[in-house]
2 protein chains.
Amino acid sequence: MAQDTKQRLLDAGLEMLLRHGYNDLGVQALLTATNTPKGSFYHYFPSKEAFALELIECYMVEVHRGLDATLGDRSLPPLARVRRFFELTQEKYREEGYLGCMLGGVGQELSGVNEVFRAKIEQCFNAIAERIAGCLEEARQRGDLPADFASRRMADLLVNCWEGAALRTRLRRDPTSLQAMLDFYFAAATG
Amino acid sequence: MAQDTKQRLLDAGLEMLLRHGYNDLGVQALLTATNTPKGSFYHYFPSKEAFALELIECYMVEVHRGLDATLGDRSLPPLARVRRFFELTQEKYREEGYLGCMLGGVGQELSGVNEVFRAKIEQCFNAIAERIAGCLEEARQRGDLPADFASRRMADLLVNCWEGAALRTRLRRDPTSLQAMLDFYFAAATG
DNA sequence: GGTTGAGAGTAGACCGGTCGGTCTATTGGA
DNA sequence: TCCAATAGACCGACCGGTCTACTCTCAACC
């Protein structure tokens with residue numbers, strides 16, 4: 001037993017937060033879905049907000065794992081690694097039923113009123129863009145991108161446009177917007 | 001008096017929905033903010049959900065007004081009109097304190113659980129993309145865009161990427177992501 | 001090795017507050 | 001006179017969170 005009640009809560013929480021968002025994620029609903037008494041939830045987490053922040057942490061662990069697996073793959077040229085990261089992510093979205101990105105969802109919902117979440121999500125996007133920028137910069141130095149390519153800003157742009165495409169994916173429950181966005185970006189950036 | 005109670009509710013509702021999202025928009029808070037008794041609200045609107053749908057309708061009226069004012073301006077070449085539409089929109093975001101786009105916000109928050117809103121928001125994006133596609137197509141026929149330019153799909157792409165940049169704008173409370181996105185898109189599209 | 005005490009974890013009744021929504025009474029202009 | 005509109009008390013349901021009671025596990029001790 002021990003810690004696997006906590007893990008069960010986190011696993012179910014990730015799914016529910018992605019689908020329902022923060023305000024529509026009821027603690028009671030989570031407990032019912034996981035057959036957990038309330039006492040256990042508040043034993044592991046001080047509040048619903050702390051729980052959600054930990055869910056974002058979990059989500060980011062997975063994102064970084066994806067970045068490790070793709071950007072770190074030296075058998076591929078750097079641009080192809082970046083592209084592979086997003087294609088891997090797209091595959092993950094498909095498995096989840098095309099509900100888009102949790103960071104985008106929570107960010108949209110809460111950043112208008114909650115400073116803690118606003119700063120947290122912004123920091124997550126920054127971390128992702130930073131790592132992608134590193135790989136783009138490698139591509140630039142190899143001559144795969146124009147010499148005046150602004151890696152860091154173009155990484156932000158890529159992440160932002162991806163999030164927009166992910167929102168559309170959530171609305172349409174299909175991946176075409178993601179694919180179209182990647183095609184356009186890489187054609188334009190290398191062109 | 002007459003209908004201006006209703007208008008007051010809609011005006012305040014637009015602001016609150018943009019900032020708080022749907023689930024965190026309390027009917028009571030709206031009534032307090034506008035000094036309106038509950039009886040009046042439910043006299044004009046059958047439910048909170050119907051109210052929010054009417055808010056989206058109002059939002060779209062403004063969007064279409066913006067499209068009319070820009071895409072319909074024959075004194076500018078078609079591509080410049082499209083760009084002006086987004087720059088006008090960016091100006092609107094600025095006035096609101098960079099809270100992004102209401103369609104993106106509500107779409108993200110509700111499309112995972114509420115089919116009515118999901119379909120509604122998707123239809124809104126389609127309507128916008130459709131009108132932009134018309135203008136892009138005009139540009140293509142004039143030779144301002146490549147002959148094989150897929151106007152309709154490129155309009156969707158533009159709208160999607162814009163929404164992503166708008167989310168980032170909301171997170172950072174500044175417009176740089178919007179500007180960067182427009183610069184990239186128009187530079188890349190015109191080749 | 002059996003007894004016992006401490007603390008992690010489980011269990012769920014219960015709390016005040018707020019939610020969206022209803023109801024009845026009243027007002028005021030046409 | 002009539003009815004749109006205002007006014008707000010009131011409703012049951014549910015919200016996140018607290019509290020107490022209980023059940024284990026396991027280590028300390030004679």
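All chains are named by letter (A, B, ...) in the order of the sequence lines, taking the proteins before the strands, and each is independently numbered beginning at 1.
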Modelled atom types, side-chain donor and acceptor of Gln179(B) and Gln90(B), under 3.5 Å: yes
Polar side chain donor-acceptor pair, Arg81(B) to Thr70(B), under 3.5 angstrom: no
Of all the nucleotides listed ([options]), which has the minimum atom distance to the side chain of [X]?
| X | options | result |
| --- | --- | --- |
| Val27(A) | dA5(D), dG16(D), dG21(C) | dG16(D) |
| Gln28(B) | dG8(D), dC19(C), dC15(D) | dC19(C) |
| His43(B) | dG21(C), dA4(D), dT10(C) | dA4(D) |

Atom-pair distance ([atom1] on [X]; [atom2] on [N]), nearest Å:
| X | N | atom1 | atom2 | answer |
| --- | --- | --- | --- | --- |
| Asp24(B) | dG20(C) | CG | C1' | 14 Å |
| Lys6(B) | dA5(D) | NZ | C1' | 13 Å |
| Arg8(B) | dT6(D) | CZ | C1' | 11 Å |
| Phe41(A) | dC15(D) | CZ | P | 13 Å |
| Asp4(A) | dT10(C) | CG | C1' | 13 Å |
| Asn23(A) | dG16(D) | CG | P | 9 Å |
| Leu31(A) | dT10(C) | CG | C1' | 12 Å |
| Leu25(B) | dC15(D) | CG | P | 18 Å |

Is there a side-chain polar atom (N or O) of [X] under 4.0 Å from OP1 or OP2 of [N]?
| X | N | answer |
| --- | --- | --- |
| Thr5(A) | dT10(C) | yes |
| Tyr44(A) | dA8(C) | no |
| Ser40(A) | dT10(C) | yes |

Distance flag, aromatic centroids of Phe117(A) and Tyr22(A), threshold under 6.0 Å: yes
Aromatic ring proximity, centroids under 6.0 angstrom, Phe51(B) and Tyr44(B): no
Phe184(A) and Tyr185(B) aromatic ring geometry - parallel, tilted or perpendicular at 30°/60° bounds: tilted
Sugar-phosphate, base or nothing in reach of Thr36(A), heavy atoms under 4.0 Å: nothing
Flag if over 12 foreign heavy atoms under 6.0 Å of CD, Glu15(A): no
Taking every non-hydrogen atom, the tightest pair across Leu30(B) and Gly13(B): CD1-N, 3.8 Å
Protein N or O to nucleotides 19-24 of chain D N or O, pairs below 3.5 Å:
none

